[in-house]
Amino acid sequence: MPVRHGLFVEGPPPALVCGRCGTCAKVHFPRALLCPYCSADTVDEVHVRGPGTLWAFTAVTAPPPGYAGDVPYGFGVVELPEGVRVVARITESDPAALSLDESMELVVVALHTDELGRSVVTYAFAPGS
Amino acid sequence: MPVRHGLFVEGPPPALVCGRCGTCAKVHFPRALLCPYCSADTVDEVHVRGPGTLWAFTAVTAPPPGYAGDVPYGFGVVELPEGVRVVARITESDPAALSLDESMELVVVALHTDELGRSVVTYAFAPGS
Amino acid sequence: MGVVEVAGVGMHPFGRHPDTSTTDMGVVAVRAALAEAEVGRGGFQAAFCGTAYGGVACGHKVLGALGMTGMPIVDVEAGCASGGAALQLAASAISSGQHDCVVVFGVEKMPRGIIRSSFFDPWQEEAGLAATPGYFALRAMRLMHTSGVTKDHLAAVVVKNRRHGAENPDAMFRSEVTAAEVLESRLVCEPLHLWMLCSPNEGAAAVVLRAGTGTGVRLASAVLRSHLPGSVLSESTPMSGLTDDAVVPPTTLAARDAFQESGLGPEDLDVVECQDTDAARELLSYEELGLCPAGGSAELLESGATTLGGRLPVNPSGGLLSKGEPLGASALGQVVELVRQLRDECGSRQVPGARTALSHTVGRGANAGVVVLQR
Amino acid sequence: MGVVEVAGVGMHPFGRHPDTSTTDMGVVAVRAALAEAEVGRGGFQAAFCGTAYGGVACGHKVLGALGMTGMPIVDVEAGCASGGAALQLAASAISSGQHDCVVVFGVEKMPRGIIRSSFFDPWQEEAGLAATPGYFALRAMRLMHTSGVTKDHLAAVVVKNRRHGAENPDAMFRSEVTAAEVLESRLVCEPLHLWMLCSPNEGAAAVVLRAGTGTGVRLASAVLRSHLPGSVLSESTPMSGLTDDAVVPPTTLAARDAFQESGLGPEDLDVVECQDTDAARELLSYEELGLCPAGGSAELLESGATTLGGRLPVNPSGGLLSKGEPLGASALGQVVELVRQLRDECGSRQVPGARTALSHTVGRGANAGVVVLQR
Ligand SMILES: [Zn+2]
Ligand SMILES: [Zn+2]
């Protein structure tokens with residue numbers, strides 16, 4: 001099950017559920033009711049699939065608060081052609097194996113298994129083919 | 001063991017550890033480093049034994065946050081001859097059995113048994129003889 | 001000092017809203033207030049958010065969701081008077097000429113049941129002395145002793161406010177109750193029964209203030225005061241006090257300042273919203289605000305003056321007893337009600353011809369906030 | 001607008017004080033500041049307390065323990081800039097003529113380790129996106145990309161601030177470190193090692209402001225600003241931003257306002273305390289505050305200008321990297337340091353002849369606070 005409903009579609013292919021403002025045309029994620037850039041309530045849902053390019057990256061080596069998955073894990077920002085930069089997990093947890101501006105594919109990855117035995121999944125980016 | 005050190009002496013006879021200001025002579029409880037009435041740092045420790053008189057009373061029927069003892073329990077304010085009114089548990093948990101201005105004796109009562117098996121005690125007032 | 005006017009008000013109804021976030025409630029209230037004020041992005045120069053449990057950056061999240069950030073945004077906490085504190089800061093920034101327009105809002109999602117406050121020390125909790133309704137009960141008992149208040153009077157306050165609240169679509173409880181039902185509800189702490197206590201809940205309220213011309217509703221005064229030491233049953237909840245019954249309570253300090261600043265007095269008021277955390281607190285507020293002489297609260301209630309249709313209706317919104325109490329939002333909820341009363345927008349709960357109004361909150365700290373509004 | 005002067009400052013040392021309550025730390029700092037100012041009971045008309053984790057009525061408890069209540073007391077929260085927000089409100093109240101004297105203080109006891117902030121949603125925590133040091137690392141990486149900053153520069157910031165902090169009795173860490181030791185400390189999030197990150201801790205700081213004559217230390221400006229949307233790595237921690245690198249950060253917004261209000265510029269500064277939550281944040285602050293051109297932070301650091309003895313010492317107190325960060329107290333801790341620098345009271349860490357100083361904080365919200373002080 002997704003870590004939160006309405007964040008992404010699992011596909012294949014997966015996509016991020018973004019908002020695109022009908023007034024200023026800017027794209028944001030996660031989708032909000034109002035445009036965070038111009039306050040308009042004319043937000044359309046758009047599905048953003050990538051690929052994107054890697055804009056910043058690191059690896060998280062200790063579990064942050066409320067996180068029950070494995071460490072280390074990759075963590076970064078990916079820039080997408082729709083004009084939006086998105087904070088995401090990165091499937092590669094060794095920063096030395098990544099480089100700025102490389103192509104990144106949107107994927108869905110498992111986080112942990114919840115108390116009901118369900119696999120909780122989230123969006124992430126993987127170095128491209 | 002006392003619910004907090006420095007609140008009362010167990011006696012017998014028990015006493016409340018109050019502060020009396022060397023500057024304005026007012027008495028406060030629990031004892032503080034500075035006088036809460038005039039800011040002076042000339043606070044002397046005084047032991048107040050009672051008896052006092054009942055100034056306000058009720059009974060608490062549901063356990064408040066962080067409380068592990070029995071309910072209902074008496075709860076009130078006792079006025080002491082040193083010019084101080086003190087918030088305290090009252091040993092009588094039926095308000096109908098109490099009356100304003102009646103004489104009250106300072107006692108030490110058990111609250112609950114802690115995880116190490118020790119009885120935790122606090123100050124309280126009991127209707128006088 | 002410049003004139004401050006209320007340009008717009010907005011509410012998210014008070015109640016239980018498990019599927020709505022604190023941010024979303026704030027957005028509803030702020031958006032409504034900005035729309036009334038016809039103020040858009042860039043139209044205000046500061047924002048104050050009153051909240052006690054909203055967490056880090058509560059106000060920023062609301063304005064971020066609205067796409068309206070950049071100005072100073074400050075979260076303020078002053079217990080039940082948080083909204084009053086926020087309003088006071090905003091009004092000062094305008095009357096001093098620092099800003100033209102400021103947005104003030106309060107948001108809260110309270111934990112259910114008795115609030116576990118960080119206010120008490122662990123030993124007080126362990127000893128059973130963190131009994132919030134117990135303190136209310138002791139205050140009620142003293143009022144019964146000094147003012148001839150009976151349990152029937154306490155029930156009558158609830159009956160009055162619930163009757164008012166039945167007419168308020170933003171209230172949580174919208175049914176009338178009888179005195180017998182109130183007195184049959186569970187005894188919490190003698191003399192207080194469950195229905196005599198307000199319910200902590202959730203909601204949001206917003207007010208847009210701007211430098212004004214004095215037309216429309218004017219903020220004549222917004223005062224915040226803290227307690228003076230000495231009163232054992234002060235909302236500052238000390239473990240001891242003096243054998244001195246002359247300590248002036250913070251509500252009286254704030255009311256005196258507000259009357260002085262506005263050049264008005266209790267006799268000028270047409271409608272009041274006051275702190276009714278419990279039924280006795282409303283009656284005590286009558287006395288502390290000077291709506292009646294000391295000891296006269298039971299008589300004022302009995303006279304019918306404070307009921308809708310009376311000379312000085314108190315809590316026409318239904319009060320906290322009907323609306324519930326979302327801590328950071330409750331004071332601004334009062335102000336929203338009073339602004340609507342002064343604009344003659346309240347329909348079946350309207351106080352006819354109301355021109356001067358007072359709101360009052362008091363709580364942990366102790367803080368008391370008093371706001372005077374005029375049309 | 002009237003002149004605002006700093007009448008007194010006080011500190012409770014930053015560190016770990018398990019046996020001292022939040023209230024007790026606040027009492028130490030406020031009492032010291034009042035003593036310096038020779039202000040007693042009744043001598044101030046309002047109080048503002050900056051705190052994020054202090055709980056309900058934090059400021060009231062401090063003033064209650066001091067026996068000094070009655071005036072308005074407001075707790076304010078604006079993340080790392082809480083103290084800056086409190087100072088701004090106090091300064092406005094004085095410069096507008098509303099009050100003559102206001103007490104401002106910040107107190108905090110931070111939870112140990114990485115702070116579990118109410119800032120993030122549960123899904124962000126569950127997905128590993130509530131990784132505070134991860135965001136710092138991403139910002140550091142971008143700075144390495146845009147400004148030629150290397151890990152050696154990051155280590156050099158730590159070496160510099162720890163050297164400064166060794167001379168500060170109010171700091172938590174009072175030993176010098178080498179670059180090699182910094183780079184050998186545990187890697188938290190590439191490029192940030194443990195010693196490049198400040199430690200959340202405990203402490204208190206207080207400042208007494210009053211209407212002044214301009215003698216002594218003058219508060220030339222105190223500005224609080226929030227972020228503009230668009231920057232994905234803003235301290236507001238959005239999940240997305242625009243492909244737009246021209247979004248003006250809140251630190252720059254606040255610095256521009258503060259320079260405009262004070263009639264000063266970066267070239268007028270003699271000493272600066274800035275936000276060094278991590279080593280890269282200090283370098284980014286150089287650029288955002290305009291202490292150097294965009295992209296010039298590594299060069300400014302390398303020049304030695306920002307080390308004690310240089311042209312513009314930054315964080316002579318040792319910064320948060322030496323003092324630790326008690327959230328609500330950290331901004332006022334900077335102001336205390338700068339006031340002491342301007343009074344020539346800092347002994348072995350004194351910036352000789354310092355006459356103009358700037359403090360800067362930025363954090364969750366996002367809020368940035370900039371204060372300019374002059375002697
Ligand atoms: Zn838009
Ligand atoms: Zn004294």
Side-chain angles (χ1 to χ4, degrees), chain C residues 1 21 46-49 51-61 63-64 67-79 81-82 85-86 88-89 92-93 95-98 115 117-119 121 223-229 236-238 248 250 253-254 327 363-367 369, chain D residues 1 21 46-49 51-61 63-64 67-79 82 85-86 88-89 92-93 95-98 115 117-119 121 223-229 235-238 248 250 253-254 327 363-367 369:
Chain C
M1 303 290 269
S21 71
F48 293 93
C49 171
T51 189
Y53 297 90
V56 170
C58 185
H60 292 74
K61 289 182 180 178
L63 291 168
M68 297 182 178
T69 50
M71 73 293 297
I73 303 169
V74 179
D75 290 354
V76 309
E77 195 275 317
S82 296
Q88 192 275 320
L89 293 169
S92 291
S95 65
S96 69
Q98 187 186 4
I115 301 160
S117 175
S118 54
F119 189 77
D121 286 338
V223 171
L224 181 74
R225 289 293 298 264
S226 58
H227 73 289
L228 296 171
S236 64
T237 326
V248 181
L253 297 174
L327 216 60
R364 284 279 155 69
N367 307 279
Chain D
M1 304 288 270
S21 71
F48 293 94
C49 171
T51 189
Y53 297 91
V56 170
C58 185
H60 291 75
K61 289 181 180 180
L63 291 168
M68 297 183 179
T69 51
M71 73 292 297
I73 304 170
V74 179
D75 290 353
V76 309
E77 195 276 315
S82 297
Q88 192 276 320
L89 294 169
S92 291
S95 65
S96 69
Q98 188 187 2
I115 301 160
S117 175
S118 54
F119 189 78
D121 286 339
V223 171
L224 181 74
R225 289 292 297 264
S226 58
H227 73 290
L228 296 170
E235 272 92 352
S236 65
T237 326
V248 181
L253 297 174
L327 215 61
R364 285 278 156 69
N367 307 277

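Computed from a prediction, not measured in an experiment: that's the story for all the values here. Letters A, B, ... are given to chains in the order of the sequence lines, protein chains preceding strands, and every chain is numbered from 1.
Judged by distance alone, with hydrogens and angles left aside, the side-chain atoms of D:Ser226 form no donor-acceptor pair with the main-chain N or O of C:Ile73 at under 3.5 Å. Of the possible donor and acceptor atoms, one in the side chain of C:Thr69 sits under 3.5 Å from a partner among the backbone N and O of D:His227.
Note: C:Gln88 CD to D:Gln98 CD = 5.5 Å, rounded to the nearest 0.5 Å.
Every side chain to side chain contact (heavy atoms under 4.5 Å, CB included) that C:Asp75 has, sequence neighbours left out, goes to C:Cys49, C:Cys58, D:Glu77. Applying the side chain to side chain donor-acceptor pair (under 3.5 Å) test to D:Thr51 and every residue at least two apart in sequence or in another chain returns D:Glu108.
The candidate with the highest count of non-hydrogen atom pairs below 4.5 Å against chain D, out of C:Met68, C:Arg225, C:His60, is C:His60. Between chain C and the residues D:Gly365, D:Gly363, D:Pro250, the largest count of heavy-atom pairs under 4.5 Å involves D:Gly365. Interface summary for chain D: among C:Pro72, C:Ala46, C:Ala81, C:Ala57, the most heavy-atom pairs under 4.5 angstrom belong to C:Pro72. Of the listed residues (C:Leu253, C:Leu89, C:Val223, C:Val248), the one with the most heavy-atom contacts under 4.5 Å to chain D is C:Leu89.
Of the two parts of D:Ser236, neither the backbone nor the side chain holds a non-hydrogen atom closer than 4.5 Å to a non-hydrogen atom of chain C. Proximity to chain C is absent for every atom of D:Ala86, based on heavy atoms less than 4.5 angstrom apart. Only the backbone of C:Ala366 comes within less than 4.5 Å of a heavy atom in chain D; its side chain stays farther off. Of the two parts of D:Leu228, the backbone and the side chain both hold a non-hydrogen atom closer than 4.5 Å to a non-hydrogen atom of chain C.
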